[in-house]
Amino acid sequence: MGGKQRDEDDEAYGKPVKYDPSFRGPIKNRSCTDVICCVLFLLFILGYIVVGIVAWLYGDPRQVLYPRNSTGAYCGMGENKDKPYLLYFNIFSCILSSNIISVAENGLQCPTPQTVITSLQRELCPSFLLPSAPALGRCFPWTNVTPPALPGITNDTTIQQGISGLIDSLNARDISVKIFEDFAQSWYWILVALGVALVLSLLFILLLRLVAGPLVLVLILGVLGVLAYGIYYCWEEYRVLQDKGASISQLGFTTNLSAYQSVQETWLAALIVLAVLEAILLLVLIFLRQRIRIAIALLKEASKAVGQMMSTMFYPLVTFVLLLICLAYWAMTALYLATSGQPQYVLWASNISSPGCEKVPINTSCNPTAQLVNSSCPGLMCVFQGYSSKGLIQRSVFNLQIYGVLGLFWTLNWVLALGQCVLAGAFASFYWAFHKPQDIPTFPLISAFIRTLRYHTGSLAFGALILTLVQIARVILEYIDHKLRGVQNPVARCIMCCFKCCLWCLEKFIKFLNRNAYIMIAIYGKNFCISAKNAFMLLMRNIVRVVVLDKVTDLLLFFGKLLVVGGVGVLSFFFFSGRIPGLGKDFKSPHLNYYWLPIMTSILGAYVIASGFFSVFGMCVDTLFLCFLEDLERNNGSLDRPYYMSKNLLKILGKKNEAPPDNKKRKK
């Protein structure tokens, strides 16, 4: 009865894969897939390039990189090459202004004349001068300067606080110099730390073939021990509060979560949850120990595959370079688009209420090169206001920025999909080699890369587009949530939280489905939809094995990252803080202003390196697992249909091949 029910469940998720005598691993004779999506993706990339060209032609990033004076001239460029700093006539107008900084559009603009620091002539001098220091190409007064008496301002503290705020937010020169000095002193030691991280990651993966079983056992026992200690701790807290602690009915509902620590029901609920988790884990160990052994054997097999194809461990460098190109192109395009438009100048006067200024059309357009004929209004100037938003390009900047964001997400996801499909093709050729390593193709990684680009660009673009749309929906939802953060309506907050949670789950599911679809594409060369369907059905027919393998792999890779990052972090801390005794003269730790800076850099670099190596290993495990499931359904161990899996997996499953050990290589 149980077997019949299991067969009905299998039928619900498709029929097992049938034996194909011509199948010998990744199919070589294949055709292009998802051609329509490939054409759309290439047209989109062409449009993305056109957007970049338009942005380059009309954009002017100098307004962000260099300050401008009131006439719109750049400081430190052209005729002002030897005058790099901008001086504000009345810096307190900046401090007291409600809109101090608008860097993205117009740079730092203040309602006061601005000039190059040495251009103090033609009666355009400020009414006072203060000792100042440069920050971002602008002159800002020192924080210990006593400000002059200004009309309408009686509180010097407000002004000094404003100056301090400007200095703190803009003038990072000293800190930047110290950081640069620290990197100059320690960069080679940081490289050594990253080299240690690389070696540790590689050794961990290669040694899994020897220690995967004991390591997984130790980790599982460690989790059981942590849960057991948690149960004991919760029981002790509950016992202490049983007589003198408050009850949940007395406390009621409160947003102060720390108050629940003194409630005995809190610790009782935590104890029950931990006890249930402990029981579930014990039951899993008892009843699913066979599947855990299969997962461990697949991990060992993945370690062997990586050892046979060491070039796969360095493929993340290709992915990193491509991702960097995509990010840099988008950033430059966005910057040029944001700075497109012609400069606009308006009439401005320091005191429009002065006699003679009543009839002057303040804030109207003017020509900065023309001489102002109205001299009855003191301080009348033609000043730079900003960049025009008129014109076809300027009116379309927002739409072009949206196009750029879509291009960023789509290209990034496509690059990641390319890496997954290429690695899957390489590792699949390892599994389906009957005699290893003799039957493994020459240069499997390069072959998989060329095959993927030639035939499956459209399929990768299709999967990347689906994921991109979900991610953009999440970004829009986060933006709406940010705008409505001040709303205290609990119902609206709950609905928004539910939407965000649903989209997060959808994104995770699509990533999982895409990953397995790319594996099937790499093996069979079919289009995205068919590959996703076949992968999903195959996994659902073996859902218990999927869950066990996924969790065992996650636990092992988490420990690996913890080992690599933690080891590098501890070594970096003791070295850069000078706490390693007995170092020789040649290995003396550098003198640093901030010793935590190279430590954090080493830790971050170690995490990136470990993530890159372990992502390759994770892709290897997933690929071999799908191949293993297909092997079980395709073959039966007979002379004509032998299993391709390792002897260790055959032993665990209680299966064997009828083919004699000295059987000749199978014809390709």
Contact check, side chains of [X] and [Y], non-hydrogen atoms, under 4.5 Å:
| X | Y | result |
| --- | --- | --- |
| Phe536 | Asn516 | no |
| Phe499 | Leu503 | no |
| Phe628 | Leu653 | yes |
| Met309 | Leu445 | no |
| Leu465 | Trp414 | no |
| Glu278 | Leu282 | yes |
| Met619 | Ile519 | yes |

Inset, instruction - Decide whether Gln471 and Asn413 meet the rule of one side-chain donor and one side-chain acceptor closer than 3.5 Å. - result: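 Side-chain D/A pair, Gln471 to Asn413: present.
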Legend entry - Donor + acceptor pair across side chains of Asp631, Tyr431 (<3.5 Å):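 Side-chain D/A pair, Asp631 to Tyr431: present.
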Legend entry - Residue pairs passing the salt bridge (charged side-chain N to carboxylate O under 4.0 Å, His left out) test where at least one lies in residues 545-564, sequence neighbours excluded: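 Residue pairs passing salt bridge (charged side-chain N to carboxylate O under 4.0 Å, His left out), neighbours aside: none found.
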Legend entry - Interatomic distance, Tyr403 atom OH to Tyr48 atom OH [nearest 0.5 angstrom]: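 These two atoms lie 9.5 Å from each other.
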Legend entry - Pairs where residues 313-330 contributes a residue and the test side-chain hydrogen bond (donor to acceptor under 3.5 Å, both in side chains) is met, not counting sequence neighbours: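 Sorted pair list comes back empty.
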Legend entry - ring-ring contact (aromatic ring centres under 6.0 Å, His included) partners for Trp410, two or more places apart: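 Testing Trp410 for ring-ring contact (aromatic ring centres under 6.0 Å, His included), a comparison that skips the adjacent residues, returns Phe41, Phe44.
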